[in-house]
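Every heavy atom of this structure was used, including side-chain atoms; hydrogens, water molecules and symmetry mates were not.
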Amino acid sequence: MSFVNKCSKTLGGLHELKFQVVLFGRDAVYLECVKPLKLDADEMIFRASGGMITLTGSGLSVMDMSDKCVSISGKVDNIAVSDL
(Lines give C-alpha, C1' and ligand atoms only; values in the text may rest on other atoms or scores of the structure.)
Protein backbone atom coordinates (compact mmCIF):
# COMPACT_ATOMS: atom_id res chain seq x y z
CA MET A 1 0.00 0.00 0.00
CA SER A 2 1.10 3.53 -0.72
CA PHE A 3 2.91 5.41 2.04
CA VAL A 4 1.06 8.58 1.08
CA ASN A 5 -2.32 6.86 1.00
CA LYS A 6 -1.70 5.63 4.55
CA CYS A 7 -0.94 9.19 5.66
CA SER A 8 -3.49 11.09 3.55
CA LYS A 9 -5.35 12.58 6.53
CA THR A 10 -2.13 13.87 8.08
CA LEU A 11 -0.89 15.32 4.78
CA GLY A 12 -4.11 17.25 4.13
CA GLY A 13 -4.75 16.31 0.52
CA LEU A 14 -1.15 16.03 -0.66
CA HIS A 15 -1.86 12.41 -1.59
CA GLU A 16 -2.77 13.69 -5.07
CA LEU A 17 0.89 14.38 -5.88
CA LYS A 18 2.24 12.74 -9.02
CA PHE A 19 5.07 10.90 -7.24
CA GLN A 20 6.53 10.47 -3.78
CA VAL A 21 10.13 10.35 -2.57
CA VAL A 22 11.03 9.34 0.98
CA LEU A 23 14.67 9.75 1.97
CA PHE A 24 15.89 7.78 5.00
CA GLY A 25 18.96 9.76 6.02
CA ARG A 26 21.53 9.34 3.30
CA ASP A 27 21.35 5.55 3.35
CA ALA A 28 18.08 4.66 1.59
CA VAL A 29 15.35 6.04 -0.66
CA TYR A 30 11.78 4.91 -1.32
CA LEU A 31 10.07 6.09 -4.52
CA GLU A 32 6.43 5.70 -5.59
CA CYS A 33 4.75 6.18 -8.96
CA VAL A 34 8.00 5.92 -10.92
CA LYS A 35 9.36 3.82 -13.76
CA PRO A 36 13.09 2.99 -13.77
CA LEU A 37 15.03 4.11 -16.83
CA LYS A 38 18.62 3.61 -15.61
CA LEU A 39 19.82 1.60 -12.61
CA ASP A 40 23.56 1.91 -11.97
CA ALA A 41 25.56 1.89 -8.74
CA ASP A 42 26.40 5.61 -9.17
CA GLU A 43 23.27 6.97 -10.88
CA MET A 44 19.63 5.95 -11.11
CA ILE A 45 17.06 7.69 -13.27
CA PHE A 46 13.30 7.31 -12.95
CA ARG A 47 10.42 8.67 -14.97
CA ALA A 48 7.53 10.12 -13.01
CA SER A 49 4.35 11.78 -14.19
CA GLY A 50 5.54 15.04 -15.72
CA GLY A 51 9.17 14.73 -14.71
CA MET A 52 12.39 12.84 -14.21
CA ILE A 53 14.01 11.94 -10.90
CA THR A 54 17.78 11.46 -10.85
CA LEU A 55 19.44 9.88 -7.85
CA THR A 56 23.24 9.96 -7.57
CA GLY A 57 25.56 8.44 -5.01
CA SER A 58 27.77 5.42 -4.54
CA GLY A 59 27.01 1.77 -3.97
CA LEU A 60 23.36 2.29 -4.95
CA SER A 61 21.37 -0.92 -5.28
CA VAL A 62 17.72 -1.83 -5.61
CA MET A 63 16.46 -3.52 -2.45
CA ASP A 64 12.90 -4.08 -3.64
CA MET A 65 10.95 -3.18 -6.76
CA SER A 66 7.28 -3.69 -7.49
CA ASP A 67 4.74 -2.27 -9.93
CA LYS A 68 5.60 1.44 -9.55
CA CYS A 69 7.53 1.44 -6.26
CA VAL A 70 11.23 0.99 -5.61
CA SER A 71 13.44 0.90 -2.52
CA ILE A 72 17.12 1.76 -2.93
CA SER A 73 20.04 1.47 -0.52
CA GLY A 74 23.52 2.97 -0.70
CA LYS A 75 25.17 6.34 -0.07
CA VAL A 76 22.85 9.03 -1.45
CA ASP A 77 24.62 12.21 -2.58
CA ASN A 78 21.90 13.98 -4.54
CA ILE A 79 18.28 13.75 -5.63
CA ALA A 80 17.14 16.00 -8.47
CA VAL A 81 13.69 16.41 -9.97
CA SER A 82 13.39 17.95 -13.43
CA ASP A 83 10.54 18.61 -15.84
CA LEU A 84 10.23 16.57 -19.00
Quiz item: Are Ile45 and Met52 side-chain neighbours, meaning at least one heavy-atom pair lies under 4.5 Å?
Solution: yes
Quiz item: If we only count heavy atoms from C-beta on, is the Glu32 to Lys68 side-chain gap below 4.5 Å?
Solution: no
Quiz item: Would you say the side chain of Val21 lies within less than 4.5 Å of the side chain of Ile79, judging by non-hydrogen atoms?
Solution: yes
Practice problem: Go through the steps for Leu39 and Met65 under the test side chain to side chain contact (heavy atoms under 4.5 Å, CB included), then give the verdict. | Solution: CA-CA 12 Å; Leu39 300 173; Met65 188 175 340; 3.7 Å; yes
Quiz item: When rounded to the nearest 0.5 angstrom, what distance separates CE in Met63 from OG in Ser71?
Solution: 5.0 Å
Quiz prompt | Within-4.5 Å side-chain heavy-atom neighbours: Val76 and Leu55 | solution = yes
Quiz item: Quick one: are Cys33 and Gln20 in side-chain contact, heavy atoms under 4.5 Å?
Solution: yes
Quiz item: Can you name the closest pair of heavy atoms from Ala80 and Asn78 and give their distance?
Solution: CB-ND2, 4.1 Å
Quiz item: Hey, what do you get for CE (Met44) to CG (Leu60), rounding to the nearest 0.5 Å?
Solution: 5.0 Å
Quiz item: Is there a side-chain contact between Val34 and Val70 (heavy atoms, below 4.5 Å)?
Solution: yes
Exercise. Enter the distance from Ser73:OG to Asp27:CG here, rounded to the nearest 0.5 Å.
Key: 9.0 Å
Practice problem: Please step through side chain to side chain contact (heavy atoms under 4.5 Å, CB included) for the pair Val62 and Asp64, ending with a clear verdict. | Solution: CA-CA 6 Å; Val62 174; Asp64 186 42; 5.8 Å; no
Quiz item: Do Val81 and Phe19 pass the side chain to side chain contact (heavy atoms under 4.5 Å, CB included) test, and can you show the C-alpha distance, the side-chain angles, and the key distance before you say yes or no?
Solution: CA-CA 11 Å; Val81 179; Phe19 61 89; 3.7 Å; yes
Quiz item: Any side-chain heavy atom of Ile72 within less than 4.5 Å of one from Phe46?
Solution: yes
Quiz item: Does Lys75 offer a backbone N or O that forms a donor-acceptor pair with the side chain of Arg26 under 3.5 Å?
Solution: no
